[in-house]
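First the structure, in the form of structure tokens, and then the observations on it.
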Amino acid sequence: MNQKFIPLSVPNLKGKELEYVTHAVETEWVSTGGPYVNEFEEKTAKYVNARGAVSVQNGTSGLHIALQVCGVTRLDEVIVPTLTFIAAVNPVKYIGAEPIFMDCDDSLCMDAEKLKDFCQMQCSFIDGQLINNKTRKHIKAIIVVHVFGNMAKMEQIMEVATSYNLKVIEDATEAIGTYYTNGPYVNKFAGTIGDVGVYSFNGNKIMTTGGGGMVVSDDAVLLKKTKHLTTQAKSDELYYMHDEIGYNYRMTNLQAALGLAQLEQLENFIKIKEKNYRLYKGAIEEIAGLSILEFDKNIRSNHWFYGLYINYDYPLDRDEVIRYLSTKRVQVRPIWGLISEQIPYVDSQTYKIEKASDYVRHVVNIPCSSNLKEDDVEYVIDCLKKL
Ligand SMILES: *Cc1c(COP(=O)(O)O)cnc(C)c1O
């Protein structure tokens with residue numbers, strides 16, 4: 001039998017993508033000036049209920065700008081998670097600032113308790129500034145990542161941020177569509193709780209523009225500054241006057257054409273992902289040694305990525321599962337290597353990294369595309385059961 005390949009996460013472009021992109025080509029608006037860019041910004045802001053949105057070339061460039069508009073400079077430090085994709089942290093270094101790595105909790109997102117402990121025990125609050133006792137540097141911001149479409153504990157994190165005057169940048173690159181259904185932030189979307197939020201529309205994300213991203217905020221000043229920096233910091237359109245160092249980070253009309261068509265389908269993608277997640281979960285709970293990571297009970301998650309936890313009583317370990325499933329033509333992948341262990345960051349400060357190391361050893365991501373059919377899910381489950 002010829003089993004078809006089941007990829008981890010691939011785009012789903014069966015809506016109006018071709019129509020809108022064709023329109024962009026036919027009207028010859030292919031660059032950053034076209035009407036789809038503004039429309040995509042407006043519709044994204046509306047969808048997540050933010051005051052405004054500014055398009056960017058990708059999530060990474062969005063995070064780069066977010067740090068700048070939050071006032072982070074090369075003299076500062078930023079608290080970041082160690083368990084996530086490295087693009088969440090590299091922008092700190094682009095600016096010349098230093099990261100301090102924090103552990104995760106069972107949501108895989110930043111541990112809010114440890115964050116609080118670190119600020120209390122390892123720092124001093126002097127003249128309204130949080131100073132790192134070890135380096136004497138000013139810690140200016142936190143980057144919180146909503147891992148796999150889950151939500152970090154924003155209530156606690158915002159409390160810490162308020163107590164110590166920290167800016168909060170939400171890396172919601174994996175979490176567009178996730179929002180609270182309970183608690184003080186009920187109906188607030190991932191990315192709209194801190195000072196600035198960033199989404200990514202890379203090819204493996206829940207919706208894609210090929211490559212692209214969006215910065216959102218409720219702060220009109222920050223939004224204006226973001227737009228300015230992403231469009232070469234031009235202060236006069238006609239005479240080409242520039243008042244600071246800007247970037248060419250704006251999205252093109254072609255990307256935005258894809259984005260608009262994808263946004264129309266986002267709620268449907270989320271429904272499919274949630275349904276497939278429940279199918280996996282029901283079956284995997286019956287298999288000794290396996291479980292599937294849960295999403296926070298107080299949110300409607302976008303269910304972007306599913307985490308399969310492989311315990312010691314399962315016959316195969318993480319790497320064996322990856323190899324075995326690849327012989328079955330099922331693509332799975334370990335979660336990222338910890339960022340604090342990557343070559344550029346080995347000398348960076350860390351604080352009590354424990355859980356993150358455990359999760360890296362035990363978790364793989366299993367196929368989760370919105371194209372995935374029930375049969376595909378059942379096939380993956382069958383492979384996992386047959387051991
Ligand atoms: C995808 C991703 C990014 C970067 O987004 P790009 O659009 O690929 O630049 C940043 N952080 C996290 C957590 C991501 O998953």
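Counting begins at 1 with the first residue of the sequence. Just follow the structure's listing: the first ligand is 1, and inside any ligand the first atom is 1. Computation of the quantities below employed the complete heavy-atom set of this structure, encompassing side-chain atoms and omitting hydrogens, waters and symmetry-equivalent molecules. Computed from a predicted model, the values in this text were never measured in an experiment.
Heavy-atom contacts of Val145 reach the following atoms of ligand 1: 13 (C) (cutoff under 4.0 Å). Numbered from 1 in the order shown, with element, the atoms of ligand 1 that lie under 4.0 Å from a heavy atom of Ala87 read 3 (C), 4 (C), 10 (C). Remark: ligand 1 atoms within the under-4.0 Å shell around heavy atoms of Thr84 are 13 (C). Against a heavy-atom cut-off of under 4.0 Å, Thr60 is close to the following atoms of ligand 1: 4 (C), 5 (O), 6 (P), 9 (O).
Judged by a 6.0 Å distance limit and a 45° cone about the ring axis, Lys114 is not positioned over the six-membered ring of Tyr351.
Ring centers of Phe295 and Tyr306: at least 6.0 Å apart, outside the cut-off.
Heavy atoms of other residues, nucleotides or ligands lying less than 6.0 angstrom from CD of Glu285 number more than 12.
From the protein, the heavy atom lying nearest to atom 2 (C) of ligand 1 is Lys205 NZ, 2.9 Å. Among all protein heavy atoms, the one lying closest to atom 5 (O) of ligand 1 is Ser200 OG, 3.3 Å. Atom 15 (O) of ligand 1 has its closest protein heavy atom at Glu174 OE2, 2.5 Å. Atom 11 (N) of ligand 1 has Asp171 OD2, 2.7 Å as its closest protein atom, hydrogens excluded (heavy atom only). Nearest protein heavy-atom contact of atom 14 (C) of ligand 1 is Thr173 OG1, 3.1 Å.
We find that Lys227 and Glu41 are not joined by a salt bridge, their nearest charged nitrogen and carboxylate oxygen being 4.0 Å or further apart. Remark: Glu274 does not engage Arg300 in a salt bridge, criterion side-chain N to carboxylate O under 4.0 Å.
Residues Glu17 and Gln262 form a side-chain contact, since some pair of their non-hydrogen atoms from C-beta on lies under 4.5 Å apart.
Between Tyr179 and Phe189, the two ring planes are tilted [angle within 30° to 60°]. Taking the six-membered ring for Trp and thresholds of 30 and 60 degrees, Tyr20 and Tyr36 have ring planes inclined between 30 and 60 degrees apart.
Here's the thing with Gly59: one of its N/O atoms is less than 3.5 angstrom from an N/O atom of ligand 1. Residue Trp304 has no N or O atom closer than 3.5 Å to an N or O atom of ligand 1.
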